[in-house]
Amino acid sequence: MESYTGKSIFQKVAVGRIFYYEKNENLVKRNRIEETEGEIKRFEAAKLVALGQLDRIYQKALKEVGEDNAAVFEVHKMMMEDEDYLESIHSMVREQKVNAEYAVAMTGDNFAKMFSQMDDEYMKARAADVKDISERLVSVLLGNGTDMGALKEPVILVADDLAPSETVQLDKSKILAFVTRYGSSNSHTAILARTMNIPAVIGVDISKEWNGKMAAVDGYTGTVYIEPDFDCMERMKNRIAEDEKKRQLMQELKGKETVTKAGRKIHLYANIGNVADTVSALQNDAEGIGLFRSEFLYLEAKDFPSEEEQFQAYKTVAESMGGKKVIIRTLDIGADKQVDYFNLDKEDNPAMGYRAIRICLSQPEIFRAQLRAILRASSFGNISIMFPMIISVKEVREAKRILEEVKEELKEKEVPYQDVETGIMIETPAAVFESGELAKEVDFFSIGTNDLTQYTLAIDRQNPKLDHIYDPHHPAVLKAIKMVVDNAHEHGAWVGICGELGADLTLTKTFVEMGLDELSVSPSFVLPVRNEICNL
């Protein structure tokens, strides 16, 4: 047995086989092939594997995000069977006597260039699709990449690191735990682990040789055991049994109000990243959705999600919550959440760069489509809109102006919608100091403690070297929260926390005493936080 120690992200234990996730670059070389028909057969075999991958991804997307959002993978399957596309690959192999990888890569580039030069916008958009299917085929031919959908059993996922765009595509039912070499306790992989209620350990000196081996992940100590011995397995089994006993006790809190012994009511909501997370929010008895991270609709897509696709997602969540509040945060792309088709410039300091509301106000066509989708969905539930990364009253007024224009458009077209509460994220020192004026403009504040801590302490929360001084308990952070609460209440706005700090049980009493009206946490933390509040 070998043991490795890192930093724990979520206190829980998991035992299972390791799946080593490796993101390989598809470096294609041109090779001369004499047996061209054998190479054609190799390509056709790779195509069958790729089609199988697409079918599994389509079925998964169908369950999680609906038929409209899953349709892109059906399109990819059809494009992979396109006669012109296949003929180009076959001809190149036969006539130029080149390897299949090279023929696929060249055909993909040629077709993508052809599509991108067309006048029709729909056909232009197919350039990204043909690149995607070509990359998939090349990956299969080179033996690169990993198809999580092909996993037969849940695994402990080991990787150097995972980008947000990768984590959202994972089959979460197949993940027992995360172990990564890089990342920080505030990365989106860490947030995902807490949302999924699974152990995660970062900063571990991982090895590709672990692939397929049995392992135990102790999220309490931050230790990973490779091929654990009998005594270790017994300890892990006992810990798992204890965790299950605690979970069962928490189930007794379902259906109860989140009220202190003195009668103070706190609204306890859940944070979600996609439609599928709604199930977890309901299972854990969340009283509403305090943060729907709408950017994950964009991270999951290969191109800008249409208004209709967004509408269907928001409508599904609103209906599923059965009249409970659903707060949708408008697009928060940028910083560590990069999307290729946005074509954002590389920035030296992206955390303070072109992101969130700054993108929406400078590219209003994207913003308007999202606002129309949210307003249309408001007829199917209790929806509120929240604008992120606000630093000034001017920004809020501009966002509200666009929102009012969208309302007028819908009214003229006789498209039904409901009046919605509007709020903003308090994530910057500027928003803290301006909170008195900002409260006059909106119905509510939601404090994003992850970024507020980052900007207040001048610490990049994605930098693991700074984890030891990233302190959300810092007096300056807590004073900022108290100032926001006081200013909000003075001007008639309610205020909550949707950052990770909301689930910190050591601060629950402090937050209640500060006068916070709402806490929004990862679904797995709803019942523990309720327990803490009910015992105050």
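In summary, Lys97 and Glu39 do not engage in a salt bridge, as defined by a charged side-chain N under 4.0 Å from a carboxylate O. We find that Asp451 and Arg355 are joined by a salt bridge, their nearest charged nitrogen and carboxylate oxygen being less than 4.0 Å apart.
Checking Asp161 against Thr180 by side-chain atom types alone, no donor-acceptor pair falls below 3.5 Å. In summary, the side chains of Ser362 and Tyr354 do present a donor paired with an acceptor at a separation below 3.5 Å, with no hydrogens or angles considered.
Between Phe10 and Phe525, the ring center distance clears the sub-6.0 Å criterion.
Smallest separation of non-hydrogen atoms from Ala356 and Met389: CB-CB, 3.5 Å. The nearest pair of heavy atoms linking Met79 to Phe115 is CE-CE1, 4.2 Å. Minimum heavy-atom separation, Val420 to Ser378: CG1-CB, 3.8 Å.
Between the SG atom of Cys498 and the OH atom of Tyr269 there is a distance of 13.0 Å, given to the nearest 0.5 Å. The line from CG of Asp132 to CD of Glu135 is 8.0 Å long, rounded to the nearest 0.5 Å. We find the OG-CD distance between Ser520 and Glu500 to be 10.0 Å, quoted to the nearest 0.5 Å.
Among Thr278, Val279, Val275, the one residue that satisfies the side chain to side chain contact (heavy atoms under 4.5 Å, CB included) test with Ser320 is Thr278.
By the side-chain hydrogen bond (donor to acceptor under 3.5 Å, both in side chains) test, Tyr314 pairs with Gln310, Gln370, sequence neighbours left out.
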message: Please determine whether ring-ring contact (aromatic ring centres under 6.0 Å, His included) holds for the pair Phe43 and His90, giving the CA-CA distance in whole Å, both sets of side-chain angles, and the decisive distance to 0.1 Å.
response: CA-CA 9 Å; Phe43 164 72; His90 290 178; 5.8 Å; yes
